[in-house]
Structures are given as C-alpha cells and as structure tokens.
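Chain A is the first sequence line, chain B the second, and so forth, proteins listed ahead of strands; every chain is numbered from 1.
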Amino acid sequence: MEFDVQSLKDCFFSGIQYLGVTVKISLVSIIFGTILALIVALVRFYKVPVLSQLFALFVTVYRGIPIMLIILIGHLMYVMHFDTVVKALHLSVKIKDVDIVLLGYIVMTVGVIPSISETFRGALKSIDKTQYEACYSIGLTTTQSLRRVILPQMFPVAFPSYINNILGVIKGVPLLSSVGIMEVMQGSLLPCSVSYSYLEGYAAAALIYFMLITLILNVAKYIEKNLNRYRVIRKNTK
Amino acid sequence: MLELDHVKKNFGKLSVLKDVSLKIENGDVVVLLGPSGSGKTTLLRCVNFLEKADNGKMIIDGDNIDLHTANKKTIRKVRKKVAFVFQNYGLFQNKTALQNITEGLIVARKIPKAEAIKKGEEVLKWVGLSDKKDYYPSQLSGGQQQRIGIARAVALDPEIILFDEPTSALDPELVGDVLSLIKRVAQRGISMMVVTHEMSFAQEVANKVVFMDGGVIVEQGSPRDIFYYPKEERTKKFLERVQHNERNMYYI
C-alpha cells in the first residue's frame, strides 16, 4: 500500500470543512461545562448540604463510565424521549427538525463537568487557609472574597490541568461520530469511501487535529505567562 | 471596650477553651501568654469569628453579641470593629501592597476609591514602605509583609487589633522592626490583644498580661505583677522555663 499525497490533500480539505463543527461543539461544551463545573466545585468545596452529596455522586458515577458508553446511552435517551420532553415544554419541534449536533452539545457539556470540577476543587484546596481568613477578617462576604481573592488565585493553579481537560474534550469529539455527527475525523474519511485511502484519511484527520491543538497550546502558554504575574519573584527586592 | 464572657470552645473531644472571661478597656494593650495548646490563639480567633465558639458572649462597643449564635450580618459588623494580624501575614497574594490595604476599605467599608488609596498611601508611609506599594507579597521579605499586614489592620480604623503571634514566623533580625511597629500602633491608642512569646515586648508595651494554661486564664494583672510577683505556681514555672531559655540563648 502506497501513501498517496493527492488523497491526503483531498481528505485534508474534506476534513477541514468540518473543523467548524468540532470547534463549535468544543467551544459550547467548554464554556457551559466550565461554568457548571465551577458551580459543582464550589458547592462541593463549601460542603453545601444535599447538593454537595448529590454532585459528588454524579461525579463518581460519571467518572466510572467510558465516554463512549455515555454518548451511546445519551443518544438512546435522546431518541426515545426527545418528543415527550418537547411536548411537556409545550414546544412544537419534532426530533427530525433538530440537528443531531444538539445531542453533541449536551453530552459533551455534561461530560466535561466531572473532570473540570475536580481540577477546580483541587486548586481551591491548594490555596492557603489564611487567604480565606484574611478576607473574612477585613469584612468581606464569602462571595466578595471568592470573586476578588480566591478565584483569581485559583485559576492560575488550575490552568495547566484545565487546558488538559479542554484537550480531552476536543479529542473526545470524534467519538460523537458513533451517533452520526459529522466532525473533523468523519469529514476526513469521506473521500476514502471512494478511494479506499483510509491511511491518508486518518493521517489528514490527525494533521488537522495536531494543528488545532498546537494553536491552543500556544495560546495557553501565552495566557499562563500573564496569569502568573503576581507569582514572579523579581530580583533586587531589598 | 471589649468584654468576653464565659467563652467555651471544643475541637471534637478536646476542650480548648473552658470558660474564659476577659475585659479590655479602650486603649488597653493585653498580652496573652501561655504554653502552646493553652488556647490563646483560639480565644483570639473566637473574637473575630474565625472560629465559632460553642458558648459565650461578647460585649463590644455597647453591643451584646452571642459568640455561638451570631448571624452573618452581626459577624460582619463585629469584623468591621476588629482587625486581625496573622502569624503568617495573610496578605492577599494576588494583590499589591497598596491593594492589600485598600481592599477592605473599598469593598467592605464602601469608601470611595480615591479616598481609600489616599488613606492606604498614608498608612504605607507610616509603616515606612511607601516605595513598595506596587510590589506583590511574594516580592517582599517576611518583615515587610508583616508590616503591610499591620498597615492593613490599622487602615481599617478598628476598635481593637488582634495579633496572633505576629513575629514568630520571622527571621530573628526582622523581629525588632515589627515589634517596634506594634509599639507605635499602641501609641496611637488602639486597643490590642497580642499573643506572643516575646517576653521583653510584653513587659515593655503591655499594660495587662494574661497568663493562660489548659484553656483557662490562670492569672492576670499588670506586667509587674505577672513577671515579678506571680502568685500561681503554674505561672511561676512557665516564666522560669521561658526566662531560663532566653538566658541560655547566648551560650548556644
């Protein structure tokens, strides 16, 4: 079997048309997932009764199941119950009118919550107890101290693992092809059904992914440098 | 004026404070002495609600407050009158020296920003760190950080400042600076409660010394009474041991 550069090119351009879908699913799930994960982390960190136990159970169960299974189970539930839920909400949409990408948004959003919330919770725990107490001692409320002192210190600590979580989401998107969502990987393989150039197809998908993630890592590196401003120790302090 | 009434605190089965009552007049400098585990720090933390007492009352500024059942609003009200200086400084790591001081003024006291900054710069000058106002805590030495910690407390114009072993995390050569600053705070007429192991500081600055052991106040009185004419056996033993150590230091 020979590696055909022309096929690679075809597959690459076919795949890159679906980059938008992958990016869209990733962005939506990262944005909503981060917000929800922060809430879960804070609830568990402050041990809010009932809710914190509930979230702990959710995180434990969810982390114990492969993401592929969650997608498949999610898909089944989506197919079976979409119409009932829509009816209950008094909306007049039918499942065939809705893009299956919606399922991708939901599954991936819920899917990132456990990992990101654990990242945040760990970072919250790493902050010295005195920082919290100092906030209280000068008369700040819990919300004020979170917003002005604790979270600004938490994000830099969480950042490297958070980026790892984000990469996990982006690299998890191809799994959605199992429920018929067209994204970068499936897009790259489209020409292969004619030419049987699967090696080139996979290589093209890998190339697109590699470029996307290199870009993200570079942006992350830049952000990280700025986040750690206050931790830099200048010389000649005395 | 601050009055503590029958304060009790347990950590699990360990009873750290067993019925402590204490009265502090305006302008008093009260030094709490005692072996470790005697409950000095816990008492201090209970006053500022960093620790919730199991029982006890506090009268501050004419307000009668239950230390166990006080709600959030009352707690915040008390905290506006009581400032705290931490053993390990407790400066906000993500804020500059000046921001550390203005934070409480702007956010908790709702003082206009320009006014708060003016006040912050004034206090920074008073502690002799004007040139460090834009430095982050990680760029300052321990002694400088603690002086900012004290500046933060003073800027809030509290009725009383609580010092929790303010010099015990410092290099020996920096202790003097911080102690002389605390002395200047006392000269401003702000009441203070100081937990410390610096005996000479206690003798020089305090006008009331409280000796605690095993969660109770064993003895209290003027520095002269406690250091030269202690009545209780436990106080005598403690002072003997501490002073013995201080004398021996020169031979190490």
Side-chain angles (χ1 to χ4, degrees), chain A residues 38 41-43 45-49 51 119-120 122-162 222-238, chain B residues 44-45 47-51 72-73 75-97 99-110 131-132 134-145 148-149 152-153 155-156 158 161-162 164 169 174:
Chain A
L38 186 60
L42 287 174
V43 164
F45 183 72
Y46 283 104
K47 300 201 170 67
V48 178
L51 272 185
T119 298
F120 285 170
L124 278 172
K125 275 192 176 171
S126 78
I127 292 169
D128 188 21
K129 210 179 85 196
T130 317
Q131 294 289 315
Y132 296 89
E133 291 178 347
C135 290
Y136 296 144
S137 82
I138 62 163
L140 301 192
T141 62
T142 309
T143 327
Q144 284 168 340
S145 36
L146 268 177
R147 200 161 48 85
R148 305 189 60 98
V149 176
I150 306 301
L151 292 185
Q153 291 187 44
M154 182 210 78
F155 285 122
V157 179
F159 196 73
S161 326
Y162 176 68
Y222 177 78
I223 296 176
E224 191 171 347
K225 224 194 244 161
N226 284 302
L227 272 179
N228 284 330
R229 220 166 2 123
Y230 67 85
R231 293 172 144 197
V232 179
I233 296 170
R234 261 187 245 150
K235 279 172 191 165
N236 65 24
T237 50
K238 289 204 175 162
Chain B
L44 220 57
R45 290 166 62 85
V47 174
N48 207 15
F49 292 96
L50 292 177
E51 218 71 76
K72 278 184 183 168
K73 215 175 143 196
I75 290 176
R76 270 211 305 287
K77 206 171 146 200
V78 170
R79 282 177 178 155
K80 282 182 187 174
K81 295 175 187 164
V82 182
F84 203 99
V85 175
F86 294 87
Q87 182 175 7
N88 45 359
Y89 330 129
L91 294 185
F92 306 129
Q93 295 294 323
N94 57 328
K95 307 234 173 241
T96 62
Q99 286 169 340
N100 261 283
I101 298 169
T102 55
E103 188 68 17
L105 297 171
I106 296 169
V107 181
R109 318 258 148 131
K110 312 276 182 241
D131 52 329
K132 298 282 190 278
D134 292 324
Y135 282 56
Y136 287 101
S138 59
Q139 298 164 325
L140 299 171
S141 73
Q144 290 168 336
Q145 289 191 56
I148 305 242
R152 177 171 72 184
L156 295 168
I161 302 181
L162 311 172
D164 180 16
L174 302 174

(request) Starting at OH of A/Y136, measure out to CD1 of B/I75 and round the result to the nearest 0.5 Å. (result) 10.5 Å
(message) Tell me which of these, B/R152, B/K77, B/K80, B/K72, has more heavy-atom pairs under 4.5 Å with chain A than the rest.
(response) B/R152
(request) Calculate, to the nearest 0.5 Å, the distance between atoms CD and CD belonging to A/E133 and B/E51 respectively. (result) 7.5 Å
(request) Compare every heavy atom of A/Q144 with every heavy atom of B/K110, then report the nearest pair and how far apart it is. (result)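 Smallest interatomic distance, heavy atoms only, reads NZ-NE2, 3.8 Å.
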(message) Heavy-atom pairs under 4.5 Å with chain B - which of A/I138, A/L140, A/D128 has more of them than the others?
(response) A/I138
(message) Shorter than 4.5 Å, heavy atoms on both sides: which option in B/V107, B/L156, B/L105, B/V82 has the most such pairs with chain A?
(response) B/V107
(request) Look only at the side chain of B/N94 and the backbone of A/R148, and say whether a donor-acceptor pair between them is shorter than 3.5 Å. (result)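 Such a contact is found between B/N94 side chain and A/R148 backbone.
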(message) As an exercise, state the distance from CD of B/Q93 to CD1 of A/I127, rounded to the nearest 0.5 Å.
(response)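 Answer for the CD-CD1 pair, B/Q93 versus A/I127, is 10.0 Å.
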(message) So if I take each residue of residues 83-92 of chain B and look for any heavy atom under 4.5 Å from a heavy atom in chain A, which residues do I end up with?
(response) B/F84, B/F86, B/N88, B/G90, B/L91, B/F92
